[in-house]
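A quick write-up on the structure given underneath.
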Amino acid sequence: MRRLVVVGLGLLVVGVGGCAPAGSAPGGSAGGDPGRHREAFDERAAEVAGAWRPGSDWSRGYLPLQDATVLPGQPGFTADTEAAFHSGWYRDQIPLPTEVPVDAAIRFPDGALTVPLISAAEAYRQLDQGDPSPCEGRPRVPQAPSPTVATRPDDSVATQAATACIPLTVTGVTLGTAEIRTSRGVAAVPAWLFTVDELTTPVARLAVAPRAVTAVPEPTAPPRTVPAGVAGADQLRRVDGTRLTYTVSLGACDGDPTALVRESDDVVVVGGGVVQGTGECIALAVLKPVTVTLAAPLGTRPVLDVATGRVLTLTTP
């Protein structure tokens, strides 16, 4: 069978063959039987949930389950500004304070925790991921609109402005708070709020010093092959009360995933059921979003990937 190398969607993909769900074993009775996906998923999810051992810091320390860069409101993105935000392209137009503020409190639903902070300059250093690469056919700086003169009596006069592949412009910074998901529920966390000219909301960068941050626990899933027909969850995209939206990783030729969830009082395990594609197929991993509704609000429960047991952290949309 042919062997292809494909680069796409930010992934280096090698190999070719019949499509199989990412993380699944080839073959198996559940691969093409949707009725078996639930049973296979439940068996694996029970193992993952049973292996979960978070440790005392889960309920006592500061363990963020969300990106350190947060949008407190609607940003009013254009295609260009959204690309700049996700790439971490910024340029500062103000002096950035280097003084470290006094310790401040993180406020959880069950209490508060006083933590050391970082300076605005350090927060900006973490936020800024460098300059954008040149965009083919586009200028490095914005150009003012220039009139296009009508050449015939019935032509109207138009204006054209060339957009640029440029970073977001930071024009102010204040110390405030941002609400993020943590192991102890949604908390108000100290954050540096950067005013950005091109957006309608500040960009918040969490201000807690690294030494006060507890790392997410390592995956604890049993080291056995994930059942065929069951796909792992990759990213947690949205938590809204009892509704979770996450992405499922599957093969390019597999059918659309079915959202699968197993919840208990202390943990939620998610994944997807997929029908494996047949025939020759490019081995390209694809992420597709699915949504599930829980029996109760998520609260402080972790969301675990059924394939690896990894804790899914909330990514900024």
Side-chain angles (χ1 to χ4, degrees), residues 9-10 64-94 96 104 106-109 117-118 120 123-132 135 138 142 145 161-182 184-208 233-248 259 270 287-294 297-300 303 312-317:
L9 302 179
L65 297 176
Q66 191 167 339
D67 290 347
T69 301
V70 182
L71 292 171
Q74 293 299 320
F77 278 142
T78 65
D80 287 345
T81 57
E82 184 173 12
F85 173 79
H86 288 295
S87 299
W89 296 335
Y90 294 89
R91 57 180 177 186
D92 58 294
Q93 300 295 294
I94 55 167
L96 291 166
I106 300 172
R107 304 202 176 277
F108 303 96
L117 304 185
I118 59 175
Y124 181 81
R125 187 191 66 78
Q126 297 175 3
L127 183 70
D128 183 21
Q129 299 300 305
D131 295 329
C135 293
R138 300 173 66 185
T163 57
C165 190
I166 59 173
L168 300 173
T169 309
V170 173
T171 57
V173 62
T174 59
L175 184 61
T177 61
E179 288 195 344
I180 70 160
R181 185 170 178 265
T182 75
R184 296 167 62 178
V186 176
V189 180
W192 288 105
L193 307 179
F194 292 94
T195 302
V196 175
D197 270 359
E198 295 85 358
L199 304 182
T200 56
T201 188
V203 174
R205 181 73 187 186
L206 301 183
V208 180
D234 187 76
Q235 296 176 343
L236 185 60
R237 292 287 182 85
R238 184 177 178 86
V239 177
D240 185 9
T242 60
R243 291 172 63 84
L244 303 181
T245 299
Y246 57 95
T247 57
V248 172
V270 296
L287 302 180
K288 290 197 175 181
V290 295
T291 299
V292 295
T293 300
L294 305 177
L298 181 61
T300 60
V303 180
L312 299 185
T313 56
L314 190 62
T315 59
T316 302

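Heavy-atom basis, side chains included; hydrogens, waters and symmetry copies ignored.
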Looking at every heavy atom in both [X] and [Y], which two are closest together, and how far apart are they?
{"X": "A123", "Y": "W192", "result": "CB-CD1, 3.5 Å"}
{"X": "G88", "Y": "D128", "result": "O-OD1, 3.4 Å"}
{"X": "I180", "Y": "Q66", "result": "CA-OE1, 3.3 Å"}
{"X": "A191", "Y": "A204", "result": "CB-CB, 4.2 Å"}
{"X": "L168", "Y": "A84", "result": "CG-CB, 3.8 Å"}
{"X": "L127", "Y": "Y90", "result": "CG-CE1, 3.6 Å"}

Look at the side chain of [X] and the backbone N and O of [Y], then say whether any donor-acceptor pair between them is shorter than 3.5 Å.
{"X": "Y124", "Y": "D92", "answer": "yes"}
{"X": "T69", "Y": "R205", "answer": "no"}
{"X": "T247", "Y": "Q235", "answer": "yes"}

[Y] and [X], any side-chain heavy atoms less than 4.5 Å apart:
{"X": "Q93", "Y": "D197", "value": "no"}
{"X": "R238", "Y": "T291", "value": "no"}
{"X": "R181", "Y": "L298", "value": "yes"}
{"X": "F108", "Y": "T182", "value": "yes"}
{"X": "T315", "Y": "R237", "value": "yes"}
{"X": "L314", "Y": "D67", "value": "no"}
{"X": "L117", "Y": "L175", "value": "yes"}
{"X": "L96", "Y": "F194", "value": "yes"}

- Task: Assess whether atom CD of Q74 is packed by more than 12 heavy atoms of other residues, nucleotides or ligands within 6.0 Å.
- Result: no
- Message: Given P190, which partner from the list L206, I106, I118 fulfils the side-chain contact (heavy atoms from CB on, under 4.5 Å) test?
- Response: I106
- Item | Sole residue of V196, L71, L193, V70 in side-chain contact (heavy atoms from CB on, under 4.5 Å) with T201 | L71
Between [atom1] on residue [X] and [atom2] on residue [Y], distance to nearest 0.5 Å:
{"X": "L199", "Y": "E82", "atom1": "CG", "atom2": "CD", "answer": "10.5 Å"}
{"X": "L244", "Y": "L294", "atom1": "CG", "atom2": "CG", "answer": "4.0 Å"}
{"X": "F77", "Y": "T200", "atom1": "CZ", "atom2": "OG1", "answer": "9.0 Å"}

- Kindly determine whether Y246 and V290 satisfy side-chain contact (heavy atoms from CB on, under 4.5 Å), including the steps that lead there. CA-CA 6 Å; Y246 57 95; V290 295; 3.4 Å; yes
- Might you work through the side-chain contact (heavy atoms from CB on, under 4.5 Å) test for T195 and V173, ending with a clear yes or no? CA-CA 6 Å; T195 302; V173 62; over 6 Å; no
- Item | Exercise: do E198 and T169 side chains pair donor with acceptor under 3.5 Å | yes
